[in-house]
Amino acid sequence: MLWLCLHLPDLALEIFTRGAPANDPLVVVCGNGRKRRVALCNAAARGRGIQPDMGLNAAHALAGSLRVCERDREAERVALDCLAAWSGQFTSVVSQTPPQALLLEVAGSCRLFGGLERLKETVSRGVAELGYRASLASAPTPLAASWLAQAGREACVIRRDTLAAVLAPLPLTCLGLTAKHSEMLHGMGVRTIGDCLRLPRDGLARRMGPGLIDILDRALGCVPDPRPAFVVPPVFASSLPLPSAVSTAEGLLFPVRRLLLELEGFLCARDAGTCSLTLSFHHAAAGTTPVGLELVAPSRDAAYLTLLLRERLEHIALPAPVEEVSLHVADPRLLAPRNLDFFAPAQAAEGMLIERLRARLGRDAVRGLGQVAEHRPERAWTYVEPGSGAVVRGGSGRQPLQGSACTLHGAGDRKRPLWLLREPMPLEMHGEHPYLDGVLVLGRERERIESGWWDGQDIARDYFIACSGQGVRLWVYRELAGRHRWFLHGVFA
Amino acid sequence: MNLQDLMLGTEVWRAGAASAFAPGVPSGFPQLDALLPGGGWPPGMLTEILVPSPGIGELQLLLPALARLSHGNRWLAFIAPPHIPYAPALAAAQVDLSRVLLVHPRAATDGLWAVEQSLRAGTCSAVLAWPSTSDARALRRLQLAAEAGGSWGVLFRSGQSADAGSPAALRLRLAPTSGGIDVHILKRRGGWPVGPVSLDLRLDHAVAVPASAGSRA
């Protein structure tokens with residue numbers, strides 16, 4: 001067993017600041033009434049002389065424009081859950097040590113990620129990209145790893161027999177003892193864990209109770225220390241409050257990217273991708289702007305999703321500045337693994353183009369074409385989802401038929417134009433003849449189409465191929481009923 | 001290594017040697033293929049087709065090549081077409097409809113963006129576009145995008161733009177004839193302007209028929 005501990009010393013602060021690059025002084029306070037004290041402060045506040053454990057009034061005196069956030073334990077818990085789900089991409093065993101540490105069992109993952117050092121670098125870089133500061137330490141027992149990380153020793157202990165020596169200089173505060181016990185040990189002149197380990201076991205157990213001995217034994221690996229594994233939730237939901245309201249697309253992209261990175265880790269842990277995700281921008285004045293993104297093929301690539309959302313965000317009008325961004329993914333789908341070609345450069349998947357175009361132009365602007373088995377020319381085609389290109393049965397069924405196996409009784413070997421007008425265009429008449437920039441010369445062949453009596457949209461027309469004065473071949477028809485008007489319906493092009 | 005060996009290699013490009021061009025997509029018209037560099041429509045380049053009035057047969061001219069390209073695994077993109085490409089006619093010309101992508105952008109700038117994205121993506125074998133702009137800088141971008149993505153970009157423009165210069169690698173001007181079109185090559189790589197080439201598009205149904213003969217109901 002090899003445990004990697006991520007200790008997040010500033011978690012309570014970072015849940016408020018990771019939505020945007022921070023530059024204003026901000027403090028997180030706890031306690032109530034006159035006992036309100038600064039729990040944590042950001043770098044800008046520290047620059048003004050604000051220190052943790054300072055009274056709030058004193059902090060206000062030091063910084064005029066101080067932003068004060070109430071400590072939110074529930075939000076910290078949620079953030080730790082999201083981070084645990086994200087770190088599932090590195091190992092299958094993740095355990096939480098509330099309030100601010102995660103334990104990853106990485107003995108099996110070291111080789112895959114290129115060694116323990118490389119793995120630590122990857123985790124540390126990933127955590128920083130999410131907007132957290134973490135100190136990482138690894139040790140063969142979970143307690144030892146968390147103590148080292150908590151003390152800020154970025155140590156890498158692999159063997160159990162060296163553990164006692166590495167832990168010896170750590171202060172007693174790591175143990176999390178009660179005030180009474182730590183006072184007692186302090187009075188005995190015990191300052192470090194090393195001092196504690198040197199004391200006779202039975203005497204220590206008699207004075208301090210069996211609890212301390214048990215903790216030390218577990219840290220050194222003398223007794224087992226089972227940890228509950230974190231279970232990745234089935235859906236992804238995460239939100240990010242912004243330190244100050246944002247109204248530009250560019251400003252929103254920063255928190256959106258952080259959320260997408262979280263999502264990437266979550267999906268990676270589940271070996272999944274997603275076809276649809278929903279971003280919600282929460283406004284202060286009440287109300288939410290939802291932004292959905294639909295993908296043709298499941299994906300979890302944060303860089304690609306950011307690219308798509310950038311196109312979307314540029315074309316979205318926000319009614320009010322955004323206070324909070326949240327991301328929701330309801331249906332993670334299994335992502336089929338893909339083999340990459342060793343020699344050819346990675347070929348972009350064909351769906352990517354469609355997704356990019358749709359992200360900017362809208363879903364309905366990008367479509368495919370399909371044929372319908374129908375006699376009426378304007379109903380013999382339909383828009384379909386790109387790539388399906390099925391032949392659709394006419395009438396109410398609209399079930400795709402088996403490609404070329406069916407005969408389309410509509411077209412046959414008749415000449416059909418390559419362009420069809422959206423609506424047939426009425427033609428002017430010059431005496432007996434239809435006219436369009438000159439009298440049209442009609443062809444010899446006439447095709448009569450009479451169909452559709454069953455649904456009330458029946459037509460009765462004589463179609464001709466005509467040639468205009470400019471040499472353009474047109475597909476025109478004359479109504480057989482009513483006023484016998486002439487219409488232009490297509491261009492042969 | 002002597003000169004003969006060098007000449008046999010692919011590193012040396014000899015002016016006037018058609019084989020120096022990437023093999024083109026056969027147009028289906030042998031007379032035209034003979035004049036096009038690479039023996040067909042040039043992939044990875046921009047082709048400009050100038051038509052005096054839209055509808056004289058410019059799409060018929062491309063149809064054999066489009067049918068051939070549609071059986072690959074890349075898209076055939078129609079961006080901002082003036083009318084609806086009619087599915088039964090395309091299918092009758094052996095175009096695989098499942099590869100056809102229709103894009104209807106709302107604004108002209110979105111249209112140019114869509115053309116550039118489609119050319120650059122590398123997942124389109126041909127991109128047919130009807131641009132409303134004649135901005136040489138925009139066209140230059142499209143030519144570069146076509147080279148990057150290896151897509152054949154076809155721009156349909158009006159006949160008036162023949163005099164203005166263009167960064168397109170191949171420029172054709174079409175003129176209607178009875179039953180077909182005349183193709184003038186205004187610009188091509190590795191050769192002088194030539195033409196016209198008369199192509200028969202077998203569209204002679206509508207020619208020289210007295211109007212009264214057809215108009216009886």
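Note that the structure is a prediction, hence the values are computed from the model and not measured. Chain identifiers are assigned alphabetically (A, B, ...) following the order of the sequence lines, protein sequences preceding nucleic acid strands; residue numbering begins at 1 within each chain.
Ring planes of B/Trp130 and A/Trp419: perpendicular class, angle over 60° (limits at 30 and 60°).
The structure places CG of A/Leu418 at 5.0 Å from CG of B/Leu59, a figure rounded to the nearest 0.5 Å. Atom CG of A/Leu353 and atom CZ of B/Arg74 lie 11.5 Å apart (nearest 0.5 Å). Distance NE2/B/His104 to CG/A/Leu361: 11.0 Å, rounded to 0.5 Å. Between the CD atom in A/Glu385 and the OG atom in B/Ser98 there is a gap of 13.0 Å [rounded to 0.5 Å]. Summarising the geometry, atom CD1 belonging to B/Ile56 is positioned 8.5 Å from atom CZ belonging to A/Arg473; distances are rounded to the nearest 0.5 Å. If you take CD1 on B/Ile84 and OH on A/Tyr383, they are separated by 5.0 Å, rounding to the nearest 0.5 Å.
Contact record, A/Leu369 with B/Pro85: CD1-O, 3.4 Å, taken as the closest heavy-atom pair. In terms of heavy atoms, B/Ala87 sits closest to A/Gly370 at CB-O, 3.6 Å. The minimum heavy-atom distance between B/His83 and A/Leu420, with the atom names listed, is CB-O, 3.5 Å. Nearest approach of B/Pro88 to A/Ala380, heavy atoms of both residues: CG-O, 3.6 Å. Residues B/Ala91 and A/Gln371 come closest through the heavy atom pair CB-OE1, 3.2 Å. In this structure, A/Val472 and B/Gly55 approach most closely via the heavy-atom pair CG1-O, 3.4 Å.
Heavy atoms closer than 4.5 Å to chain B are found in the side chain of A/Glu311, but not in its backbone. Contacts of A/Val491 with chain B are made by side-chain atoms alone, with heavy-atom separations under 4.5 Å and no backbone atom involved. Interface remark: A/Ile354 contributes side-chain atoms only to the contact with chain B (heavy atom separation under 4.5 Å). With a threshold of 4.5 angstrom between heavy atoms, B/Leu63 approaches chain A through side-chain atoms but not through N, CA, C or O.
Judged by distance alone, the side chain of B/Tyr86 and the main-chain N or O of A/Pro377 form a donor-acceptor pair under 3.5 Å. Of the possible polar contacts, none joining the A/Arg360 side chain to the B/Asp110 backbone as a donor-acceptor pair under 3.5 Å is found.
Around atom CZ of A/Arg257, no more than 12 heavy atoms belonging to other residues, nucleotides or ligands sit under 6.0 Å away. More than 12 heavy atoms of other residues, nucleotides or ligands sit less than 6.0 Å from atom CZ of A/Arg376. More than 12 non-hydrogen atoms from other residues, nucleotides or ligands lie less than 6.0 angstrom from CZ of A/Arg422.
In terms of heavy-atom pairs under 4.5 Å with chain A, the best-connected choice from B/Pro105, B/Ser118, B/Cys124 is B/Ser118.
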